[in-house]
2 protein chains.
Amino acid sequence: MSAKRVLTDRASALPALAEAFREHGFEGASLAILSKATGLGKGSLYNFFPGGKEEMMAAVLDNIDGWFADAIFTPLEQARDPATAVNGMFDDVTAYFRSGQRVCLVGALGLNSAGSAFTTKVKGYFTRWIAALARCLESGGVAPALAANLAEDAVSGIQGAIVLARAVGEEASFLRIVARHRAALLEALGHHE
Amino acid sequence: MSAKRVLTDRASALPALAEAFREHGFEGASLAILSKATGLGKGSLYNFFPGGKEEMMAAVLDNIDGWFADAIFTPLEQARDPATAVNGMFDDVTAYFRSGQRVCLVGALGLNSAGSAFTTKVKGYFTRWIAALARCLESGGVAPALAANLAEDAVSGIQGAIVLARAVGEEASFLRIVARHRAALLEALGHHE
DNA sequence: GCCTTTGTGTACCTATTGGTACAATATTGT
DNA sequence: ACAATATTGTACCAATAGGTACACAAAGGC
């Protein structure tokens with residue numbers, strides 16, 4: 001049962017690691033911070049993640065990607081009712097990003113050179129999100145070209161809303177911006193159902 | 001003439017400092033990096049910026065804010081022709097952010113806790129940008145509430161476009177997203193001229 | 001030409017960085 | 001119970017972090 005145990009503890013450390021990376025960035029999250037955040041000593045940390053910080057971040061990214069795949073991407077891709085799926089996406093995303101107060105780790109990684117080791121994962125996350133949303137819109141009768149534009153606008157718009165909401169320090173701006181994106185997608189779906 | 005000399009050299013170091021901070025973030029930009037980027041030794045750096053990295057970043061932010069005030073905010077606020085001013089803003093912003101490949105230092109600062117010392121400047125930058133754009137739209141006949149929404153969408157949308165364009169590594173997505181924001185603003189102006 | 005101010009390189013400081021080694025301690029299957 | 005394995009804390013390491021001190025070099029003004 002040892003292998004399972006390792007996986008379990010490693011997995012249970014991921015949320016704390018993710019929050020620490022979100023808060024301080026990849027470079028700013030020192031081992032001392034990560035140790036305090038997880039409650040694990042350096043020995044345990046390097047036992048679970050022999051590759052050090054880089055492996056920790058990689059595991060965190062995989063974890064995030066898995067969550068989004070289950071909660072966001074797959075529901076969009078297999079939506080029976082596109083409007084309901086779009087509404088669900090916005091609800092989940094708003095909760096996940098804590099109304100814009102919580103940084104999107106994947107997006108933030110792309111901004112500085114510290115995240116250059118993870119470009120493939122970062123790129124995949126965004127392309128899959130946009131593709132899933134576009135497919136959902138298409139399945140609701142939206143023309144492919146328009147669907148691609150709307151999906152790109154929505155996903156990048158959510159990222160921008162996070163940046164702005166954190167910059168001005170108010171959730172309200174995130175909620176306003178995201179609500180307008182939601183309305184735009186629903187309106188596009190409404191015209192073709 | 002010494003005072004002028006100091007100011008001159010200090011100012012001439014700001015672009016290189018800004019690029020280094022953009023590239024590596026505040027924490028990631030070590031003094032060694034900053035020294036190499038500016039061509040100045042540690043002695044000179046601390047002569048010009050006795051407050052260390054924090055003062056360097058503060059000076060860089062003031063410099064950026066000054067540039068935006070001159071090139072973006074003021075033209076928007078005093079626009080004689082709103083549509084021309086909006087077009088000018090998008091042209092200048094696209095050039096400044098290098099079609100989304102160049103990070104917005106102000107936006108990035110708001111994302112991690114390292115930038116918490118600069119929250120006032122970060123917040124001021126965004127609120128002034130949005131207010132200037134909204135005023136420009138209003139002066140073109142757009143209703144105040146709509147103008148505020150459109151301005152918020154455009155500014156946050158530009159930030160999101162930078163995040164996405166860097167994440168997927170292609171300028172094209174930045175250009176597409178920004179073009180749609182430009183069109184939305186021009187259309188709103190067009191309906192009221 | 002001198003004297004003060006401004007600029008610069010180098011040496012140095014302590015604290016912390018990411019990472020390793022390893023002994024001690026659970027925990028495990030058998 | 002016992003041997004193997006997994007986990008953990010501690011000590012340690014070289015490298016680098018940001019920052020200071022200071023001797024020295026330009027460059028002024030007069």
Side-chain angles (χ1 to χ4, degrees), chain A residues 1-61 105 109 112-118, chain B residues 1-61 105 109 112-118:
Chain A
M1 223 231 217
S2 54
K4 190 186 289 180
R5 176 77 180 284
V6 171
L7 265 179
T8 302
D9 276 52
R10 185 182 146 123
S12 75
L14 291 181
L17 288 176
E19 276 310 308
F21 281 132
R22 267 187 268 264
E23 177 84 6
H24 304 278
F26 183 66
E27 310 237 24
S30 68
L31 284 179
I33 289 176
L34 297 174
S35 176
K36 192 177 297 178
T38 56
L40 297 172
K42 252 199 263 195
S44 308
L45 238 33
Y46 272 85
N47 180 41
F48 292 137
F49 307 94
K53 276 175 71 172
E54 213 149 318
E55 188 174 342
M56 297 180 209
M57 178 60 96
V60 164
L61 284 182
L105 185 52
L109 260 186
N112 53 36
S113 67
S116 56
F118 311 102
Chain B
M1 225 229 217
S2 53
K4 191 186 285 178
R5 176 78 179 282
V6 172
L7 265 178
T8 301
D9 277 49
R10 184 182 147 123
S12 76
L14 292 181
L17 288 176
E19 276 310 307
F21 281 131
R22 267 187 268 264
E23 178 83 5
H24 303 279
F26 182 67
E27 311 238 23
S30 68
L31 284 180
I33 290 176
L34 297 173
S35 177
K36 191 176 299 177
T38 57
L40 297 173
K42 251 198 261 196
S44 307
L45 238 32
Y46 272 86
N47 180 40
F48 292 137
F49 307 95
K53 276 175 70 173
E54 212 149 318
E55 188 175 342
M56 297 180 208
M57 178 60 98
V60 164
L61 284 182
L105 185 53
L109 260 185
N112 51 36
S113 67
S116 56
F118 311 102

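Reminder, nothing fancy here: chain letters follow the sequence lines and each chain counts from 1.
Side-chain atoms of Leu61(B) and Leu109(B), non-hydrogen and from C-beta on, do get closer than 4.5 Å to each other. Within the 4.5 Å cutoff, the side chain of Phe118(A) has heavy atoms near those of the Glu54(A) side chain. Side-chain contact check for Arg22(B) versus Val60(B): every heavy-atom pair is 4.5 Å or farther apart.
Counting to the nearest Å, the C1' atom of dT6(C) and the CG atom of Leu40(B) are 14 Å from each other. One atom, CG of Asn47(B), and another, C1' of dA26(D), lie 13 Å apart when rounded to the nearest Å. Summarising the geometry, the separation between CE on Met56(A) and P on dT17(C) is reported as 13 Å, rounded to the nearest angstrom.
Phe49(B) meets the ring-ring contact (aromatic ring centres under 6.0 Å, His included) test with no other residue; sequence neighbours excluded. For the side chain to side chain donor-acceptor pair (under 3.5 Å) test, no residue two or more places apart in sequence or in another chain qualifies with Glu23(A).
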Protein heavy-atom contacts under 4.0 Å, written 5' to 3' over nucleotides 14-20 of chain D as B (base), S (sugar-phosphate only) or - (none), form the string ---SBBB
